[in-house]
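Here the structure is a predicted model, which means the values were calculated and not measured.
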Amino acid sequence: MKVKQHTIKKQVELSGVGLHTGVISNMTFLPAPPNHGIKFQRVDLEGRPTVDADCDLVVDVSRGTTLEQNGARVYTVEHVLAALVGMEIDNVLIQLDGPEPPIMDGSSIQFIEVLEDAGLEEQNALRRFFEVEESIQYKDPSREVEMVALPTDNYRVTVMVDYNSPVLGSQHASITDISQFKPEIASCRTFCFLHELEMLYNSNLIKGGDLNNAIVVVDRVVEEKELVHLAKMFNKQKVEVKKEGILNNVDLRYRNEPARHKLLDVVGDLALVGRPLKAQILAARPGHAANVAFAKKLKRAMEKSGSSHIPHYDPKLPPVMDINQISNILPHRYPFQLLDKIIYLDETVVAGVKNVTINEPFFMGHFPGNPVMPGVMQVEAMAQTGGILVLSTVDDPENYWTYFLGIESCKFRKMVLPGDTLIFKCELLAPIRRGIAKMRGEAYVGNTLVCEAVMTASITRKES
């Protein structure tokens with residue numbers, strides 16, 4: 001799995017009819033900055049409102065997943081979201097001039113193809129996975145649905161479906177790594193049973209349904225009169241079917257294509273948790289209602305697992321900047337170079353790491369026999385972290401100096417000792433103007449705040 005966040009390199013678009021609304025929409029994918037996430041934007045509505053890809057915003061699961069926010073709805077988002085998860089794209093803005101993404105051929109493959117045409121761009125931020133640490137279960141006995149997330153070090157999904165149908169029967173589908181999504185799952189199309197068609201049609205759904213974008217499973221004998229009615233429903237001159245099989249004798253792409261499509265839906269709906277998952281997902285008889293309910297349960301567990309405002313540091317992952325890259329930007333050198341890694345960087349926030357060891361030169365004279373990191377050194381390390389942020393706003397940072405102008409509201413909450421790992425977070429409080437930057441800095445050991453301050457600095461060009 002990718003360890004850094006990704007967006008797309010350029011804007012791409014496609015058009016088509018929505019499965020349930022029947023409205024033709026133009027959909028445009030646009031690059032987005034780190035930590036933006038996946039957002040939809042209804043450009044056809046006043047104010048061009050945005051809708052976050054968030055399970056708490058789901059308002060309908062009638063044969064698809066519908067989101068609503070800021071007075072705007074977006075229908076049937078699961079196939080697009082599945083494509084983004086399969087591509088490991090974290091940040092993108094999806095503009096729509098209609099209420100529903102195009103259904104295309106009923107799968108995710110055409111979304112993946114257009115995203116591949118856009119190309120992926122690695123960003124200076126690590127992906128913040130939600131790593132499931134213990135079993136999380138969801139059950140709906142009325143529908144015989146069971147879903148569980150188990151701990152693992154990647155993203156695995158297994159789906160079992162049982163339709164009590166002589167055509168489909170019991171089916172399984174699985175992937176053991178998200179890289180298998182495109183070749184194994186993405187091209188699998190949405191489907192329904194013949195006996196559901198009339199209900200869906202009468203419920204004002206599947207207005208954009210066509211035998212080219214959905215599989216209709218026929219599990220009973222169909223009279224000629226009904227075939228004529230179905231032909232009118234799909235605007236076809238004629239439809240036909242074998243005794244039991246697929247309407248219009250459409251060939252399946254895989255023997256278990258329906259189960260694979262259910263896995264596609266699970267991947268798309270669980271994208272609404274809001275962060276990439278490291279978990280093994282086992283799902284028996286899933287559907288959109290269960291998927292979304294399970295996503296909400298996962299999100300609650302994620303929120304409970306830790307505060308999202310504290311930078312997450314995983315020493316197994318590569319840094320955004322290592323010590324050599326930091327040295328190319330900051331002028332500090334031993335014994336005053338107090339920053340080891342940058343683990344996050346965007347336009348307004350930076351996070352860095354300082355490993356505190358007994359070999360620090362200041363421990364020789366600061367409380368010998370009771371080594372405590374001086375508060376002034378903590379502030380200096382925090383300021384160096386902020387220096388990376390302000391220098392990242394210029395094209396040639398090696399040609400600039402950063403100078404302290406002021407420190408306000410500085411507090412030391414807890415002693416920092418040898419063996420501690422300091423995590424610094426600095427965030428701009430206002431845009432940089434005339435070379436003056438004001439930011440709030442915080443230092444953590446684990447989840448404990450040990451130091452905080454508001455710092456002001458200037459950035460000035462070196463004299464040639």
Side-chain angles (χ1 to χ4, degrees), residues 1-2 4-45 48-54 64-67 69 72-125 127 178-190 208 210 212-213 261 264-265 267-269 271-272 274 276 346-347:
M1 300 177 73
K2 292 180 172 64
K4 288 190 176 181
Q5 294 184 28
H6 282 73
T7 187
I8 54 177
K9 290 182 177 179
K10 66 177 183 179
Q11 172 180 318
V12 287
E13 60 186 60
L14 44 73
S15 303
V17 65
L19 174 62
H20 291 302
T21 61
V23 176
I24 294 176
S25 293
N26 298 301
M27 183 167 69
T28 305
F29 295 92
L30 295 100
N35 268 17
H36 175 277
I38 301 169
K39 300 178 187 293
F40 296 89
Q41 185 178 35
R42 289 287 304 275
V43 298
D44 58 317
L45 300 180
R48 299 160 67 96
T50 58
V51 181
D52 295 337
D54 185 338
T65 302
T66 300
L67 302 170
Q69 187 180 21
R73 282 198 176 198
V74 183
Y75 297 81
T76 324
V77 298
E78 61 273 11
H79 298 172
V80 178
L81 294 176
L84 293 167
V85 173
M87 294 280 290
E88 298 185 80
I89 295 173
D90 305 278
N91 305 301
V92 68
L93 177 64
I94 306 168
Q95 292 183 335
L96 284 163
D97 64 1
E100 187 178 17
I103 188 60
M104 309 311 290
D105 71 346
S107 75
S108 291
I109 192 63
Q110 289 167 289
F111 300 126
I112 284 182
E113 290 169 350
V114 75
L115 291 167
E116 285 182 330
D117 179 61
L120 299 192
E121 181 175 296
E122 186 177 89
Q123 298 175 293
N124 276 336
R127 305 182 81 194
I178 196 62
S179 63
Q180 298 171 339
F181 181 85
K182 179 191 172 184
E184 300 292 333
I185 304 298
S187 64
C188 297
R189 298 159 292 179
T190 192
D210 189 277
N212 296 322
N213 58 34
H261 184 81
L264 184 155
D265 282 343
V267 169
D269 286 334
L272 298 172
D346 66 20
E347 288 83 357

key: side-chain contact (heavy atoms from CB on, under 4.5 Å) evaluation trace for Asp44 with Leu96   = CA-CA 7 Å; Asp44 58 317; Leu96 284 163; 5.7 Å; no
inquiry  = Please evaluate residues Thr7 and His36 with respect to the criterion side-chain contact (heavy atoms from CB on, under 4.5 Å), reporting the C-alpha separation (whole Å), side-chain torsions for both, the decisive distance (0.1 Å), and the verdict.
reply    = CA-CA 10 Å; Thr7 187; His36 175 277; over 6 Å; no
ask   = Gln69 and Asp54: side-chain contact (heavy atoms from CB on, under 4.5 Å), yes or no, with the steps?
value = CA-CA 10 Å; Gln69 187 180 21; Asp54 185 338; over 6 Å; no
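Considering all non-hydrogen atoms of both residues, Thr28 and Leu30 come closest at O-CD1, 3.7 Å. Contact between Pro102 and Ser25 at its shortest, heavy atoms only, is CG-O, 3.8 Å. Annotation for Cys188 and Ser107: closest pair O-CB, 3.2 Å, computed over non-hydrogen atoms. Closest heavy-atom contact between Ala72 and Pro49: CB-CG, 3.6 Å. In terms of heavy atoms, Ala53 sits closest to Leu67 at CA-CD1, 4.1 Å.
The distance from atom CD of Gln5 to atom CG of Asn91, rounded to the nearest 0.5 Å, is 5.0 Å. The distance from the CD1 atom of Ile89 to the CG atom of Leu81 is 11.5 Å, given to the nearest 0.5 Å. Atom-to-atom distance recorded for Ile94:CD1 and Phe111:CZ is 9.0 Å, nearest 0.5 angstrom. Note that the CD atom of Gln123 and the CG atom of Asn35 stand 9.0 Å from one another [nearest 0.5 Å]. Remark: Glu78 CD to Thr76 OG1 distance equals 5.5 Å, nearest 0.5 Å. Atom CZ of Phe29 sits about 11.0 Å away from atom CD of Glu13, to the nearest 0.5 Å.
Residues passing the side-chain contact (heavy atoms from CB on, under 4.5 Å) test with Ala82 are Ser108, Phe181, Leu264, Val267, sequence neighbours excluded. For Val43, the side-chain contact (heavy atoms from CB on, under 4.5 Å) criterion is met by Gln41, Arg48, Gln95, Asp97, not counting sequence neighbours. In this structure Asp346 satisfies the salt bridge (Lys or Arg N to Asp or Glu O under 4.0 Å) test with no other residue, sequence neighbours excluded. Residues forming a side-chain contact (heavy atoms from CB on, under 4.5 Å) with Gln110 (at least two apart in sequence, or on another chain): Met104, Asp105, Glu113. Annotation: side chain to side chain donor-acceptor pair (under 3.5 Å) contacts of Glu88 (sequence neighbours excluded): Arg127. The side-chain contact (heavy atoms from CB on, under 4.5 Å) search around Asp117 returns Lys10, Val12, not counting sequence neighbours.
Using a 4.5 Å cut-off on side-chain heavy atoms (C-beta onward), Glu121 and Pro31 make no contact. No side-chain heavy atom of Pro101 sits under 4.5 Å from any side-chain heavy atom of His79. Side-chain contact between Met87 and Lys182: absent, with no pair of heavy atoms (C-beta onward) separated by less than 4.5 Å. Proximity of Lys2 to Leu120: side-chain heavy atoms (C-beta onward) are separated by under 4.5 Å at one or more points. Counting heavy atoms from C-beta on, the side chains of Pro99 and Arg42 come closer than 4.5 Å.
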